[in-house]
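What follows is one structure encoded as structure tokens, with my remarks underneath.
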Amino acid sequence: MATSTTGSTLLQPLSNAVRLPVDQVNFVVCQLFALLAAAWFRTYLHASKTSPFIRHLVATFLGLYLALFCFGWYALHFVIQSGISYCLMVITGAENMHKYCFVFALGYLTVCQITRVYIFDYGQYSADFSGPMMIITQKITSLAFEIHDGMCRKNEDLTPSQRCLAVRRMPSPLEHLSYTCNFMGILAGPLCSYKDYITFIEGRSYQLLQPTANGKEDTKHHQTEPSPHIAVAQKLLICGLSLLFHMTVTQALPVEYNIDEHFRATASWPVRFFYLYLSLMAARPKYYFAWTLADAINNAAGFGFRGYEPSGAARWDLVSNLRIQQIELSTSFKMFLDNWNIQTALWLKRVCYERATFSPTIQTFILSAIWHGVYPGYYLTFLTGVLMTLAARAIRNNIRHYFVESPAVKACYDVVTWATTQVAISYTVVPFVLLSVRPSLTFYSSCYFCLHVGSILVLLVFPLKRTQKSSKKHESLQAVWSRKLEEESLLQKNSYSTTNNSCKQSQEISCRQQALKQ
């Protein structure tokens, strides 16, 4: 059975008209419905008008309805995965729940991916039920670690971000199901922290704690609730442009042409690498469309407010999944990864990189490959990514400081590193698009594995001790800066702070720092 027949066929005439698989049409229509439902949810089920119980109930019901419409009875996997994970939390307790939930959720996801890929529809690019399960897996594992941190670990043993996200009580079954399967994020995410979600549902996103005479912050009052209309409109415009780009330019620049025999035989190396860059750049707008639309849905419901810019403009990027400008202008491998699929990168950092006892980079890339699925191309991409990341880190730590003193020299350095980064990213992710081993190796062999060899040479040539020393120095500076921020936060405690959990992305050092900037 193909994935295109697992959901509703009500929109089959529209599918035929636009010449797209019905499951993709279902996905887009359901997301547009979710956008309208989000506006209705914010207007008529605002936290000031109804109870958290009703908001949880409605958000869950709408989420499961959309899942049923898109995936048919395969949507039961979402409830099963979420339900069994909750039972494991209750049975195993806070001390061990993070281990059991991690193994179960990731294992269940992997079994479903194996079944879908190798039994039903190998190589299909259409939306499938394992996509939402990937987000649910992130939420289940994140919550399990956050509860473990909040209920079993000492406060002083936690990093600032872990303290900020720690959950101090077990959620109810409805809260858990609402968090994992709500209509705002069930189809395309993005991941959000449990505390952020509960704060939004309970209407505390805009509350401030007013300091009393004795310095305690126990009197709550509301700041002005900003309107998300401008942010939503801007993101919908980006969605429209991304969709237009995908349906026009992307079709004219297929990634598969990189392994075309005639093209490989006749095109020069500069032409081949230029087409490689163009074809992979053209493959990105479909992700821009899906993730930006998901972000707009959350914002339309009133979720995603992050605070205010110094200029006074409201920020609606708490659960944003990408920064397009930074992606396209990346001058390093790390910069690209930090701005692409942001919430997944944060998840990998929090559940793997920060907790790994050895080789955190390698472990993180392996977990990322397993989470993405079982296509061999994913593993080729992420194993290549390990090499590229280590080589890029070695180059940056050893030579970058020679090029940053003069503005003119730094500008030239940035141009070179931008071009190198874009080619390296494109080279790395070709197997991710081609999926199978044979075409992926055909591409790499046609390039003589040049960037693989180059990365290995970089790691052999540049002194490892220098890299380690720089890394330790960077970690030391981070620790000092973290302590400094925490001390400043304590000194300013008599000022107000927000209960909106703003310890995300580049501001993960301290929860209170975000509110103090407002």
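Salt-bridge annotation for E328 and R323: absent, with no side-chain N of the basic residue lying under 4.0 Å from a carboxylate O of the acidic one. With respect to the salt-bridge test (charged N to carboxylate O, under 4.0 angstrom), the residues E146 and K195 do not qualify.
One finds the CZ atom of F289 at 15.5 Å from the CZ atom of F245 (value rounded to the nearest 0.5 Å). The CG atom of L348 sits 7.0 Å away from atom SG of C352, with the distance rounded to the nearest 0.5 Å. Rounded to the nearest 0.5 Å, atoms CG (D149) and CD (Q162) are 5.0 Å apart.
Taking the six-membered ring for Trp and the full ring otherwise, Y275 and F263 have centroids separated by under 6.0 Å. In this structure, the ring of F104 has its center no less than 6.0 angstrom from the ring center of Y100. Checked against the 6.0 Å centroid threshold, Y378 and Y375 count as a close aromatic pair. When ring centroids are compared, F41 and F183 come within the 6.0 Å threshold.
Between F382 and H372, the ring planes lie tilted relative to each other; the angle falls in the 30° to 60° range. Between H77 and F129, the angle of the ring planes stays under 30°, which puts this pair in the parallel group of the 30/60° scheme.
Figure legend: cation-pi geometry between K139 and Y179, with NZ or CZ positioned under 6.0 Å from the six-membered ring centre and within 45° of its axis.
Side-chain atoms of Y444 and P431, non-hydrogen and from C-beta on, do get closer than 4.5 Å to each other. Here the side chains of D338 and Q326 are not in contact, with every heavy-atom distance at 4.5 Å or above.
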Could you please spell out the steps behind the ring-ring contact (aromatic ring centres under 6.0 Å, His included) verdict for Y288 and H246? CA-CA 10 Å; Y288 295 167; H246 173 68; over 10 Å; no
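Residue pairs satisfying the salt bridge (charged side-chain N to carboxylate O under 4.0 Å, His left out) criterion with at least one member in residues 75-85, sequence neighbours excluded, are absent.
Although no hydrogens or angles enter the test, the distance criterion places no donor-acceptor pair under 3.5 Å between the side chain of Q251 and the main chain of T248.
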